[in-house]
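Reading through the structure tokens given below for one structure.
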Amino acid sequence: MRKVSKKEDSYPSLRQIKFFRKLLLNWFSKNGRKFPWRGSRISNYNRIIAEILLQRTKAEIVKQHYNEFLEVYPDWKSIANASNRELGKVLRPLGLWRKRSITLKKLAVIIDKSGGKFPKDVKALEFLPGIGQYISNSIMLFYFKNRSPLLDVNVARLLSRYFGISCKEDLRFDLQMQCLAREIVNCDETITVNLAMIDYASLICKNKSAICSTCLLRKNCSFYDK
DNA sequence: GTCCTGGAAC
DNA sequence: GTTCCCGGAC
């Protein structure tokens with residue numbers, strides 16, 4: 001394995017992107033992870049709660065406490081009526097519970113007043129408490145059915161390694177990486193491609209101990225030492 | 001010690 | 001732009 005060189009940055013062609021997408025979709029159909037917040041029948045409330053719980057938190061950990069959270073807080077109103085202390089109690093095992101209980105309650109009050117509706121453009125979404133670039137894209141993807149990318153640190157690592165493109169420390173300012181992610185998910189299976197990248201980065205293209213030996217993508221991967 | 005489907009205060 | 005939040009897994 002070698003480090004990604006900044007000098008070799010070159011934007012991938014559409015053909016390369018299609019190939020990458022196809023292999024990932026094929027892999028995902030057999031190896032994708034199952035989580036209670038995935039699937040087309042999940043309510044928007046349940047889905048957005050999952051996104052908030054997943055901030056900087058391992059999906060496997062969220063899975064252990066997700067249903068309990070939904071039992072205690074089944075809708076926006078129940079969160080809006082809860083005290084920060086009560087919320088923190090349920091959020092504690094997930095970490096980041098002080099901030100999350102404060103911002104989640106602020107958000108719940110706003111969304112409850114709006115009748116459960118979210119604003120339909122990215123900038124307005126990012127203005128909401130606890131909603132930044134990632135979750136606003138997630139809402140645009142799942143709630144409004146846009147072709148939006150879910151670009152987290154793991155997906156960025158996968159793209160950076162495979163396409164040999166360096167990425168910035170803070171993805172919020174990395175327009176090149178955002179643009180690439182957006183192009184990759186710009187197809188008829190936007191949601192599945194997004195989930196496939198997240199799972200592949202988590203299970204195969206790990207930060208440390210990447211499993212290059214069994215990686216389907218290694219033939220064309222700039223990170224793989226042939 | 002580092003890392004995780006980020007966001008906001010500083 | 002940088003730092004902190006947070007617990008649990010590794």
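Keep in mind the model is a prediction, meaning the values are calculated, not measured. So that the names make sense, note that chain A is the first sequence line, chain B the second, and so on, each numbered from 1.
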Inset, instruction - Starting from the 5' end of DNA chain B, give me the residue, A:R172 or A:K208, whose nearest nucleotide shows up first. - result: A:K208
Inset, instruction - Describe the nucleic acid contact of A:L107 in one word from base, sugar-phosphate, nothing, applying a heavy-atom distance below 4.0 Å. - result: nothing
Legend entry - Check: A:S13 main-chain N/O paired with A:Q16 side-chain donor or acceptor under 3.5 Å: yes
Inset, instruction - Establish, with yes or no, whether the OP1 or OP2 oxygen of C:dC6 is under 4.0 angstrom from a side-chain nitrogen or oxygen of A:R98. - result: yes
Legend entry - Distance in angstrom units between A:L128 CG and B:dG7 P, rounded: 12 Å
Legend entry - Closest listed nucleotide, where the reference is the side chain of A:K99 and the choices are B:dA8, C:dG7, B:dC3: B:dA8
Inset, instruction - Pick the P atom in B:dG1 and in C:dC4, then give their distance to the nearest Å. - result: 14 Å
Legend entry - Crowding at NZ, A:K34 (>12 non-hydrogen neighbours, <6.0 Å): no
Inset, instruction - Figure out the CZ/C1' separation between A:F127 and B:dG6, and round it to whole Å. - result: 19 Å
Inset, instruction - Could you state the atom-to-atom distance from CG of A:N137 to P of B:dG7 in whole Å? - result: 9 Å
Inset, instruction - Quick one: do A:R100 and A:T57 satisfy side chain to side chain donor-acceptor pair (under 3.5 Å)? Show the steps, please. - result: CA-CA 12 Å; A:R100 254 197 285 227; A:T57 310; 3.0 Å; yes
Inset, instruction - Between B:dC10 and C:dC6, how far apart are the P atoms? Round to whole Å, please. - result: 14 Å
Inset, instruction - Can you establish whether the number of heavy atoms outside A:R172 located under 6.0 Å from its atom CZ is more than 12? - result: no
Legend entry - A:N154 vs B:dC4: side-chain N/O to OP1/OP2 distance below 4.0 Å: yes
Legend entry - Residue-phosphate contact under 4.0 Å: A:W97 side-chain N/O, C:dC5 OP1/OP2: no
Inset, instruction - Give the rounded distance in Å between these two atoms: CG of A:L54 and C1' of B:dT5. - result: 5 Å
Inset, instruction - Consider the side chain of A:L96, meaning its heavy atoms from C-beta on, and name the nucleotide among C:dC6, B:dA8, B:dC3 that approaches it most closely. - result: C:dC6
Legend entry - Spacing between A:K63 atom NZ and C:dA9 atom P, to the nearest angstrom: 15 Å
Inset, instruction - For A:I135, answer base if it contacts any base atom (sugar-phosphate contacts may also be present), sugar-phosphate if it contacts only those atoms, and nothing otherwise; contact means non-hydrogen atoms under 4.0 Å. - result: sugar-phosphate
Legend entry - A:Y134 side chain, from C-beta outward: closest of B:dG6, C:dG7, C:dA9: B:dG6
Inset, instruction - Please state how far atom CG in A:L91 lies from atom P in C:dC5, giving the value in whole angstrom units. - result: 17 Å
Inset, instruction - Pick base, sugar-phosphate or nothing for A:Q133, based on heavy-atom distances below 4.0 Å to the nucleic acid. - result: sugar-phosphate
Inset, instruction - Between C:dT3 and B:dT5, how far apart are the P atoms? Round to whole Å, please. - result: 23 Å
Inset, instruction - Name the nucleic acid region contacted by A:G95, choosing base, sugar-phosphate or nothing; use a 4.0 angstrom heavy-atom cut-off, strictly under. - result: base
Inset, instruction - Scan A:L150 against the nucleic acid and name what it touches under 4.0 Å (heavy atoms): base, sugar-phosphate only, or nothing. - result: nothing
Legend entry - Nearest-angstrom distance from the residue atom CE of A:M177 to P of B:dT5: 17 Å
Legend entry - Candidates C:dC6, C:dA9, B:dG6 - which lies nearest the side chain of A:D152: B:dG6
Inset, instruction - Test for a donor-acceptor pair under 3.5 Å between the base of B:dC3 and the side chain of A:K58, counting only N and O atoms. - result: yes
Inset, instruction - Could you tell me whether A:R38 contacts a base, only the sugar-phosphate backbone, or nothing, with contacts defined as non-hydrogen atoms closer than 4.0 Å? - result: base
Legend entry - Residue met sooner reading DNA chain B from 5', once A:L195 and A:G130 are mapped to nucleotides: A:L195
Inset, instruction - Would you indicate what A:I52 reaches in the nucleic acid, counting non-hydrogen atoms under 4.0 angstrom: base, sugar-phosphate, or nothing? - result: nothing
Inset, instruction - Would you please test A:N154 and A:R157 for side chain to side chain donor-acceptor pair (under 3.5 Å) and show each step? - result: CA-CA 5 Å; A:N154 304 297; A:R157 180 182 62 243; 3.2 Å; yes
Inset, instruction - Using a 4.0 Å heavy-atom cut-off across all strands, classify A:N207 as base, sugar-phosphate, or nothing. - result: sugar-phosphate
Inset, instruction - Taking the side chain as every heavy atom from C-beta outward, state whether A:I204 and A:W27 have any pair of such atoms under 4.5 Å apart. - result: yes
Legend entry - Gap between atoms CG and P, on A:L104 and B:dG7 respectively (whole Å): 13 Å
Legend entry - Side chain of A:W37 - closest among B:dG7, B:dT5, B:dC4: B:dT5
Legend entry - Flag, side chain of A:N194 to backbone of A:L150, donor-acceptor distance under 3.5 Å: yes
Legend entry - side-chain N/O A:R157 vs B:dC4 OP1/OP2, d < 4.0 Å: yes
